[in-house]
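Working notes, beginning with the structure itself.
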Amino acid sequence: MKVLTENKSVLSWIEDKISLVKPDSVVWIDGSEEQLNDLRAQSCEIGEIIKLNEEKLPGCYLHRTAVNDVARVEHRTFICTPTKDEAGPTNNWMAPDEAYNMLYDIARDSYKGRTMYVIPYSMGPVGSRFSKVGVELTDSIYVVLNMAIMTRIGKDVLDFLGDSDDWVRGLHCKCEIDEEKRYICQFPQDNTIISVNSGYGGNVLLGKKCFALRIASYQGRKEGWMAEHMLILGIENPKGEIRYICAAFPSACGKTNLAMLIPPEAYKKKGYKVWCVGDDIAWMRKGEDGRLYAINPENGFFGVAPGTNMKSNPNALASTKKDTIFTNVVHNLDDNTVWWEGLDKNPPENGIEWKGNPWNGKQSEAAGANPNSRFTAPAKNCPCISSEFENPAGVPISAIVFGGRRAKLAPLVYQSRDWNHGVFVGSVMGSETTAAAIGLAAGVRRDPMAMLPFCGYNMADYWRHWLDVGAALDPEKAPKIFNVNWFRKDENDKFMWPGFGDNMRVLDWIIERCEGNAGARETAIGYIPQEGAINVEGIEDEVSAEALESMLDVDKSLWAAETKGIEEFYAMFGDRLPDELRGELDTLKKNL
Ligand code: GTP
Ligand code: SPV
Ligand code: MN
């Protein structure tokens, strides 16, 4: 075994886990293309991945997970803090000792006949003051290949870590992919993650949700920074000035789409451009100048495939044309490529659907791709990747945007009155559930800051942290906070707003508000665009003045009912709920 570090805490932890899971051999991932190529070949050999058409999709592969293992499992995800209160009422909790014992029993000897891969990785550019190191142990080559796209991996990372003890331990064991023994456990106090009996993305790419959100949110509170489920994008105006926006939408609610948006013709002609810094996670901290700065800790996109096409998101599609891993999409046997619902109107007749059965897309009623099928694509493939993507100092944030899927109630856009009101708006976010997690009831649920499944500690303390971070920023320079809803529906159950590229029109208003230009009127819930303030040039046929007015309407009786729901939700947190938020709720009630 060729060991890549002399770090004692790393070596002793790995020794310990080797004696637990008993691999036949141990391979350290050094980050070299040579080693990754060998692993790709091996993975093809054992049938874990399929090499796709080298001419049409160079360097691309297809993988199918187990049929029972296609999304995150929130009901089997635990925050293992010493007390239940630290995890809070919105997390599943298990006492650390109990969890370790249970997980070790499941993991014991589970690598017998298998290889242990040791993946040293950095979340954030190696060496940035934002960045953090992790080591993931896995018995899945698929995980290695995905982590090699999604994070910075290899020897450099260990050299940067030196002999520090500040790194996140991650143990992943596929075991038998048994749903009944599947657990995703975070131990924030120990910087440790253990994931057993899954092979699906968010459950097993431990740098992503487990570390960069659950563990990192806990670290961020201790160390004075924030880990958020947010995209980061830059809008360049015709003068060449770039303003950056972070946006938190729940899973499968449009972050990847917004992050890579292509502006409508009228904007393109004037010289507007959008640059993508990140599509899922933002780590933010105060800069020396009193502004809030953000980096994307990831190095790739783990994006929803269905619905991605040349019209909805050409940049995402372009990102998947080389060196990409597709998971649970349709295999087109005619030309050895891939397909998913919403890619184009030409499904393959000679296909294999996501479960591995023959599938004729021209005849079949059933979907060919799983609704949560995904692509893992390198960020550098994205045609609109920001020049600041690797900037270790991050980008300064002008606006924070919250949003969700709400068929009714939430208007297309509104602005909070100030930071604390903005925290209130984020804390009461509601959204219809999606296919990104297994076993969620259909309907609207509260998903504060889109962090419900990802906050590594008590949500009330997390809101306290948000309020504290805001208070420390220079009030003139703190990001302005907004809420958007692309998903409002009319009486015929049709989306009222065209969405996708046209969301630029709303971002335009948001940026103009930040610069103190665009007009607004004050309502009970916050500032709404004044008549004429949203630019509808080029979509006047689709979006009439009346339709826009109704999308921006604040229905007081619906909002009054909403305050009752908020009250019930807040009651879960008892005395831990920050007074400021209770005050904001009282103000809203008074305004209504
Ligand atoms: P995660 O990766 O799960 O965190 O999700 P995400 O927020 O990045 O989701 P993504 O951008 O992949 O959104 C996926 C779904 O949202 C698809 O069904 C899209 O068609 C839909 N969507 C995205 N933007 C819009 C929009 O502006 N309008 C409408 N109607 N649908 C949208
Ligand atoms: C999400 O569900 O929010 C995702 C996909 O981004 S996963 O990595 O599976 O969590
Ligand atoms: Mn996500």
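Throughout, numbering of the chain's residues begins at 1 and tracks the sequence. Start at 1 and go down the list; that is how both ligands and their atoms are numbered.
Within the 4.5 Å cutoff, the side chain of N299 has no heavy atoms near those of the Y121 side chain. Between F301 and M260, the closest side-chain pair of non-hydrogen atoms falls below 4.5 Å.
Geometric assessment of K270 against the ring of Y272 yields a negative cation-pi assignment under the 6.0 Å and 45° thresholds. Note that R169 lies in the cation-pi zone of W167, set by a 6.0 Å cut-off to the ring centre and a 45° limit from the axis. A cation-pi arrangement is present between R513 and Y527 under the rule of less than 6.0 angstrom and at most 45 degrees off the ring axis.
Two rings, from F495 and F487, have their centers less than 6.0 Å apart. Ring pair W93/Y457: centre-to-centre distance not below 6.0 Å.
Contacts between D280 and ligand 1, counted as non-hydrogen atom pairs separated by less than 4.0 Å, involve the side chain only. Counting heavy atoms under 4.0 Å from ligand 1, residue S251 touches it through both backbone and side chain. At a heavy-atom cutoff of 4.0 Å, ligand 1 is contacted by no atom of A259, backbone or side chain. Contact annotation for N503 and ligand 1: only side-chain heavy atoms (C-beta onward) come within less than 4.0 Å of the ligand. Neither the backbone nor the side chain of K489 has any atom closer than 4.0 Å to an atom of ligand 1 (non-hydrogen atoms only). Both the backbone and the side chain of F500 come within 4.0 Å of ligand 1, counting heavy atoms alone. Residue-level proximity to ligand 1 for F487 is carried by the side chain, the only part with a heavy atom below 4.0 angstrom.
Between R406 and E432, no side-chain nitrogen of the basic residue sits less than 4.0 Å from a carboxylate oxygen of the acidic one, so the salt-bridge criterion is not met. Using a 4.0 Å cut-off between charged nitrogen and carboxylate oxygen, K268 and E265 count as a salt-bridge pair. A salt bridge links D502 with R505: at least one charged nitrogen is closer than 4.0 Å to a carboxylate oxygen. Comment: E390 engages R152 in a salt bridge, judged by a side-chain N to carboxylate O separation of less than 4.0 angstrom. Comment: R40 does not engage D323 in a salt bridge, judged by the lack of any side-chain N to carboxylate O separation of less than 4.0 angstrom.
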Protein N/O near ligand 2 N/O, under 3.5 Å, which pairs?
{"residue": "ligand 2", "atom": "2 (O)", "partner": "R72", "partner atom": "NE", "Å": "2.9"}
{"residue": "ligand 2", "atom": "2 (O)", "partner": "R72", "partner atom": "NH2", "Å": "3.0"}
{"residue": "ligand 2", "atom": "2 (O)", "partner": "S251", "partner atom": "OG", "Å": "3.0"}
{"residue": "ligand 2", "atom": "3 (O)", "partner": "K209", "partner atom": "NZ", "Å": "2.5"}
{"residue": "ligand 2", "atom": "3 (O)", "partner": "H229", "partner atom": "NE2", "Å": "3.3"}
{"residue": "ligand 2", "atom": "3 (O)", "partner": "S251", "partner atom": "OG", "Å": "2.5"}
{"residue": "ligand 2", "atom": "6 (O)", "partner": "K209", "partner atom": "NZ", "Å": "2.6"}
{"residue": "ligand 2", "atom": "6 (O)", "partner": "D280", "partner atom": "OD1", "Å": "3.4"}
{"residue": "ligand 2", "atom": "6 (O)", "partner": "D280", "partner atom": "OD2", "Å": "3.4"}
{"residue": "ligand 2", "atom": "9 (O)", "partner": "Y200", "partner atom": "OH", "Å": "3.2"}
{"residue": "ligand 2", "atom": "9 (O)", "partner": "G202", "partner atom": "N", "Å": "3.1"}
{"residue": "ligand 2", "atom": "10 (O)", "partner": "R72", "partner atom": "NE", "Å": "2.9"}
{"residue": "ligand 2", "atom": "10 (O)", "partner": "K209", "partner atom": "NZ", "Å": "3.4"}

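Ligand 1 places these atoms under 4.0 Å from at least one heavy atom of P250: 7 (O). In summary, the atoms of ligand 1 found under 4.0 Å from a heavy atom of F495, numbered by their order in the structure, are 30 (N). Counting the atoms of ligand 1 from 1 in the order shown, those under 4.0 Å from a heavy atom of V304 are 12 (O). For ligand 1, the atoms sitting less than 4.0 Å from at least one non-hydrogen atom of H229 are 4 (O), numbered in the order shown with element in parentheses.
A252 N, 2.7 Å is the protein heavy atom nearest to atom 5 (O) of ligand 1. Closest to atom 10 (P) of ligand 1, if we only count protein heavy atoms, is G254 N, 3.5 Å. Given atom 4 (O) of ligand 1, the protein heavy atom at minimum distance is K255 NZ, 2.7 Å. If you check which protein heavy atom lies closest to atom 2 (O) of ligand 1, you get R374 NH1, 2.8 Å.
Looking at R76, its side chain does come within 3.5 Å of a backbone N or O of R182 through a donor-acceptor pair. With hydrogens and angles ignored, the 3.5 Å screen pairs no side-chain donor or acceptor of E179 with any backbone N or O of D69. With hydrogens and angles disregarded, a donor-acceptor distance shorter than 3.5 Å links the side chain of N503 to the backbone of F500.
Only protein N, O or S atoms were scored, and 3 of them lie under 2.8 Å from the Mn ion (ligand 3).
Side-chain contact, N328 with Y200: no donor N or O sits under 3.5 Å from an acceptor N or O. Under 3.5 Å, the side chains of D280 and H229 contain a donor-acceptor pair of N or O atoms.
In terms of N/O distances under 3.5 Å, ligand 1 is not approached by G499. Polar contact check, R405 against ligand 1: a nitrogen or oxygen pair lies under 3.5 Å apart.
Below 30°, between 30° and 60°, or above 60°: for F482 and W509 the angle between ring planes is above 60°, a perpendicular geometry.
Under the 4.0 angstrom criterion for non-hydrogen atoms, C253 is in contact with ligand 1.
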